[in-house]
Amino acid sequence: MKIVLIGAGGTLGTAVHTTLTGRGHEVVTVGRSSGDLRHDFTDPAQITELYERVGRVDAVVSAAGDVPWKPVTEMTAQDYLDAFRGKVLSQLELVRQGVGRIAERGSFTLITGVLAREPVPTGSAASMANGAVEAFVRAAAIEIAPQRVNAVSPTVFTESLDAYGDFFPGMEAVDLAKVARAYVRSVEGAQTGQVYAL
């Protein structure tokens, strides 16, 4: 398959890229500052430009999304708008604009996270964004068939515990290899409207 991978330069994106190319797929990497193509996918106009440049593809995979981390009492309205734009609208636009540009039975795989189910202090923006993406996946799946859309929703990565473990007290970590396999399941499988919680 020809696959577009958004956020390929990050920790998760690198693992997903390695896994998908290892399975024989042609992966076009996209990022703000690294990758085969450089685009800011929080800008709808740049998503349009990306699709025009890459041509027909079989799957679009996202491993990117930015949200602010602050206590609710310190969050501003703009912080929540930034979270929506950085993780929700950006991924929704990949689907909205991509429906007419990917293969008839192509797929979209979006990224959410454990905070949709298990919130933590300072993570309200992430919880909001993840929950919105997951709700969108379930709704879009019933409209875009036979194209498919799923989300991968991991907890903290084992490989990132030193840096981020304190934000996820008591939560079981997940290996990046397992998360990457969930992307394979979404891309190569037949399911749609699923949230793969890991």
Show, in sequence, the C-alpha distance, side-chain angles and deciding distance for T109 and Y196, and conclude whether the side chain to side chain donor-acceptor pair (under 3.5 Å) test is met. CA-CA 10 Å; T109 306; Y196 300 119; over 6 Å; no
Evaluate the criterion side-chain contact (heavy atoms from CB on, under 4.5 Å) for residue pair R117 and S127; output intermediate values, then yes/no. CA-CA 8 Å; R117 305 178 299 282; S127 292; over 6 Å; no
Residues, nucleotides or ligands: over 12 heavy atoms within 6.0 Å of E74 CD: yes
Drop me the distance from E49's CD to L37's CG, to the nearest 0.5 angstrom. 9.0 Å
So, R148 versus S186: side-chain donor-acceptor pair below 3.5 Å or not? no
One pair to check against side-chain contact (heavy atoms from CB on, under 4.5 Å): I111 and Y183. What are the steps and the verdict? CA-CA 9 Å; I111 182 68; Y183 276 86; 3.5 Å; yes
I'd like to know if K2 and D58 make a salt bridge, using a cut-off of under 4.0 Å between side-chain N and carboxylate O. no
Apply side-chain contact (heavy atoms from CB on, under 4.5 Å) to residues L92 and V95 and explain how you reach the verdict. CA-CA 5 Å; L92 271 57; V95 177; 5.9 Å; no
CD1 of I102 to CD1 of I3, rounded to nearest 0.5 Å, is 11.0 Å
Answer whether the closest heavy-atom distance between the side chains of F108 and V137 falls below 4.5 Å. no
Linked hydrophobic residues, V67 as query - side chain contacts closer than 4.5 Å: W69, V114, L115, V120, V156, L161, Y164, F167, F168, M171
Search all heavy atoms of Q147 against all heavy atoms of V99 and return the closest pair with its distance. NE2-O, 2.9 Å
Any side-chain heavy atom of V184 sitting closer than 4.5 Å to one from L20? yes
Side chain proximity check, V72 to Y80, heavy atoms < 4.5 angstrom: yes
Nearest heavy-atom contact between D40 and T42 is OD1-OG1, 2.6 Å
Separation of L89 CG from F41 CZ (nearest 0.5 Å): 9.5 Å
May I have the step-by-step check of side-chain contact (heavy atoms from CB on, under 4.5 Å) for Q194 and R185, ending in yes or no? CA-CA 11 Å; Q194 300 299 304; R185 183 178 178 189; over 6 Å; no
Would you call P68 and M75 a side-chain contact if the rule is heavy atoms closer than 4.5 Å? yes
Grab the two heavy atoms, one from P154 and one from V179, that are nearest each other, plus how far apart they are. CB-CG2, 3.9 Å
Salt bridge or not between D66 and K87? Use side-chain N to carboxylate O under 4.0 Å. no
To check you understand the geometry: which heavy-atom pair defines the closest contact between A83 and A129, and what is its length? O-CB, 4.2 Å
Could you pull out the closest heavy-atom pair between A15 and A180, with the gap in Å? O-CB, 4.0 Å
Is it the case that one hydrophobic cluster holds both V57 and I144, taking links as side-chain heavy atoms less than 4.5 Å apart, direct or via other members? yes
For Q97 and T48, which I'm curious about, is there any donor-acceptor pair between the side chains at under 3.5 Å? yes
Enumerate the salt bridge (Lys or Arg N to Asp or Glu O under 4.0 Å) contacts for residues 88-113, please, sequence neighbours excluded, ordered by first and then second residue. E93-R96
Just how far is it from atom CZ of F157 to atom OG1 of T11, taken to the nearest 0.5 Å? 7.0 Å
Is there a donor-acceptor contact under 3.5 Å linking the side chains of N130 and E134? no
Can you measure from CD1 (I6) to OG1 (T29) and round to the nearest 0.5 angstrom? 9.5 Å
Do you know the tightest heavy-atom contact between R38 and S33? NH1-O, 3.1 Å
Applying side chain to side chain contact (heavy atoms under 4.5 Å, CB included), can you list everything that pairs with A177, at least two apart in sequence or on another chain? R181
Could you measure the distance from the CG atom of N150 to the CG atom of L110? Nearest 0.5 Å is fine. 8.5 Å
Non-hydrogen side-chain atoms of V28 and L5 separated by less than 4.5 Å: no
For residues V4 and V61, determine if any side-chain heavy atom of one lies less than 4.5 Å from a side-chain heavy atom of the other. no
For the residue pair L176 and T158, establish whether any side-chain heavy-atom pair is separated by less than 4.5 Å. no
